[in-house]
Undergrad: 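Here you go, one structure.
In what follows, residues are counted from 1 in the order of the sequence shown. This is a predicted model, so every value here is computed, not measured.
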Amino acid sequence: MNYHLNFNCPKKKKINKAIIFIMMVLCSNINIKSQTITNTYWVGDIQLGGISYPINLRLEEISEGVMKAILQSPLQDSASMQSLPFDWRDDTVSFVIKNPNISYKGVLNSGNDSIIGNLKQGSFSGNLIFEKRESPFVVNRPQEPQPPYPYSEEEVQIPNKKANIVLSGTLTYPKEGKPFRAVILITGSGAQNRDEEILFHKPFKLIADYLSKNNIAVLRLDDRGVGKSTGNFATATTFDFASDIESAYEFLKKRPDIDSKRIGLIGHSEGSAVAAILASENKKVAFVISLAGMGVSGKETLLEQNKRLFELQGVDQRLINVRLLILKEVFDTFNKVSKEAFPACVPEIVRKHTASLSEEEKTSLGMGKKEVSILILQLNQPWWRTFLTLEPCQYFQKTKCPVLAINGEKDFQVDAKLNLEAIKKCGGKETTIVYMPGLNHLFQHCKTGSSKEYGVIEETFSPEALEIIKSWIWEQK
């Protein structure tokens, strides 16, 4: 679901856990001004891959003059780790871990309510500020379904004979009333499990629970190469995912407890394009629901996403314009030259547009040498080569079944107005457009729409959006 070119953390959900883990073994010079900071909670966050990861810190006095720190990264691991004893003096907090070369240095402010510092590991450097709180950050997901469920749940194995793989998933369905209407949930970009899990949110599990409680069968799958599904995710493209969903559709169609004439597709983000591809080819698909889906090209989506991302980060508009010029020329060049010739072109494009910028400005744009190297590697992967040239509109044009397109106003990854207008323009007369104020890419109510909010927001998926999805499905003949 995350399309932006992520230089600091190439794989959206593959976070460097060593950074957080080693922080939990503080064993060096820690000097702090006031004893009032002990026996209380401190909460900070570190930015990794554009997402905010809260870190809890508790400072305790275990005997006179002997202190310990207890740290926890609740969005990564529920376990806590304790430091070795250390002393407090003055107003500086610092520690060094020789292996794997991690250091932290911070200063306690005059109000004794925040520690302002920086964490380093190798080439990684990030601000880490702890603020005094009455309680620690706690992961709370009040919407997550809990057993016992008032519907049936079945583990399924679905072969994709074309790809010679087996997809694993969960089918939920009502206990009475068969044959059932059914939907297949299609994940967004990145390697996703059947719940489309991110930061302890499980939106697909919630959608499946809600719809099955309302007499609709739901099939959700681990992506190929993820979870219990076989195959290689790294070499797969959007069209490969469409092939996987086609196999899932054929699986449901053969089940006697499923109404074969009422099987629809619900795709989130890139999954919306997958749904449109399949529905444009298979005229028996009953309906398509696009959640935060694209109507414009992959190239245009990425350019708009980068613009919104850097605006949210407060980067100067002049620098944002430089980044967009670079990306546009890189993308255009990507389509003109061979895969072999492409890597040599990118550094020259970057140099041309950043010649007047300082090294600090280049870094703020994600256009340093390391970031450019990652960009080249990304764009030469099969998924990226396909995505950049993807035109979802041409598939929506060929889709004859009813389509519901829902996008959130504060979605920075897939701009709501831009993409809903495109889907409306290229869709048929049975295309319904819903613009939802206040929602982000995950359909959470939010403040800014930034991915930094995803984990700290307790809501997993807007109840209003769930109701719209359910009601619209039941309106279809």
Side-chain angles (χ1 to χ4, degrees), residues 1-6 12-13 49-51 185-190 192 196 198 201 203-204 207 238 241-242 265-277 288-313 320 324 327-328 331 383-384 386-396 399 403-427 431-446 448-454 457 460-462 465 468-469:
M1 67 185 73
N2 192 352
Y3 300 129
H4 73 264
L5 299 175
N6 201 342
K12 177 188 62 176
K13 294 170 68 177
I51 296 178
L185 301 183
I186 310 171
T187 61
S189 63
Q192 305 282 337
E196 205 184 38
I198 178 173
H201 286 293
F204 275 18
I207 294 172
T238 308
F241 302 137
L265 310 173
I266 301 180
H268 179 227
S269 196
E270 182 195 2
S272 166
V274 172
I277 290 169
V288 167
I289 298 179
S290 166
L291 300 177
M294 298 158 45
V296 300
S297 68
K299 172 186 170 181
E300 191 170 352
T301 297
L302 285 170
L303 290 173
E304 181 63 24
Q305 184 183 99
N306 273 263
K307 176 177 178 289
R308 293 285 303 280
L309 172 64
F310 281 80
E311 286 175 348
L312 285 170
Q313 293 178 349
I320 295 175
L324 295 179
L327 289 180
K328 186 176 185 305
F331 294 162
W383 183 85
W384 282 98
T386 299
F387 184 78
L388 275 174
T389 57
L390 187 65
E391 295 281 356
C393 194
Q394 71 182 50
Y395 300 104
F396 278 111
T399 297
V403 174
L404 170 65
I406 312 175
N407 290 57
E409 170 214 1
K410 293 183 183 261
D411 185 344
F412 87 90
Q413 293 178 232
V414 180
D415 183 79
K417 288 186 177 180
L418 176 67
N419 287 281
L420 284 178
E421 288 175 2
I423 293 174
K424 182 178 181 180
K425 183 177 180 180
C426 63
T431 298
T432 302
I433 302 298
V434 179
Y435 178 82
M436 300 202 72
L439 300 187
N440 62 19
H441 189 65
L442 302 186
F443 290 85
Q444 299 167 306
H445 289 88
C446 62
T448 68
S450 168
S451 55
K452 296 177 183 180
E453 299 176 318
Y454 292 170
I457 295 174
T460 294
F461 201 93
S462 158
I468 289 171
I469 293 167

Undergrad: Report the distance from atom CD1 of Ile320 to atom CD of Glu311, rounding to the nearest 0.5 Å.
TA: 5.0 Å
Undergrad: Any chance you could lay out the side-chain contact (heavy atoms from CB on, under 4.5 Å) test for Leu418 and Glu300, step after step, and finish with the verdict?
TA: CA-CA 10 Å; Leu418 176 67; Glu300 191 170 352; 3.7 Å; yes
Undergrad: Drop me the distance from Leu404's CG to Ile423's CD1, to the nearest 0.5 angstrom.
TA: 10.0 Å
Undergrad: Among all residues two or more places apart in sequence or in another chain, which pass the ring-ring contact (aromatic ring centres under 6.0 Å, His included) test with Phe443?
TA: Phe461
Undergrad: Evaluate the side-chain proximity of Leu327 to Leu302: yes if any heavy-atom separation is below 4.5 Å, no if none is.
TA: no
Undergrad: Between His441 (side chain) and Ala292 (backbone), is there a donor-acceptor pair under 3.5 Å?
TA: no
Undergrad: I need the Ser462 OG to Ile469 CD1 distance, nearest 0.5 Å.
TA: 8.5 Å
Undergrad: According to ring-ring contact (aromatic ring centres under 6.0 Å, His included), who are the partners of Tyr395, at least two apart in sequence or on a separate chain?
TA: none
Undergrad: So, does Gln444 use its side chain to make a donor-acceptor pair with the main chain of Tyr454 at under 3.5 Å?
TA: yes
Undergrad: Can you check whether Cys446 reaches Ile457 side chain to side chain, under 4.5 Å on heavy atoms?
TA: yes
Undergrad: Is a donor on one side and an acceptor on the other found under 3.5 Å between the side chain of Asn440 and the backbone of Lys410?
TA: no
Undergrad: The test is side-chain contact (heavy atoms from CB on, under 4.5 Å); show your working for Phe241 and Ile186 and say whether it passes.
TA: CA-CA 9 Å; Phe241 302 137; Ile186 310 171; 5.9 Å; no
Undergrad: In terms of side-chain geometry, is the basic nitrogen of Glu421 or Lys425 positioned less than 4.0 Å from the acidic oxygen of its partner?
TA: no
Undergrad: Heavy atoms, side chains only, cut-off 4.5 Å: are Lys452 and Leu312 in contact?
TA: no
Undergrad: For a side-chain contact (heavy atoms from CB on, under 4.5 Å) check, start with the C-alpha distance between Leu185 and His268, then their side-chain angles and the critical distance, and finish with the verdict.
TA: CA-CA 8 Å; Leu185 301 183; His268 179 227; over 6 Å; no
Undergrad: If I take atom CG from residue Asn419 and atom CD from residue Glu304, how far apart are they, to the nearest 0.5 angstrom?
TA: 8.5 Å
Undergrad: With side-chain contact (heavy atoms from CB on, under 4.5 Å) as the test, would you mind laying out the steps for Leu439 and Ile406 before giving the verdict?
TA: CA-CA 10 Å; Leu439 300 187; Ile406 312 175; over 6 Å; no
Undergrad: Is there side-chain contact between Thr431 and Phe396, with at least one heavy-atom pair below 4.5 Å?
TA: no
Undergrad: Please verify the inter-ring angle class for Phe387 with Trp384; under 30° counts as parallel, over 60° as perpendicular, anything in between as tilted.
TA: perpendicular
Undergrad: As an exercise, state the distance from CD1 of Ile277 to CD of Gln394, rounded to the nearest 0.5 Å.
TA: 8.5 Å
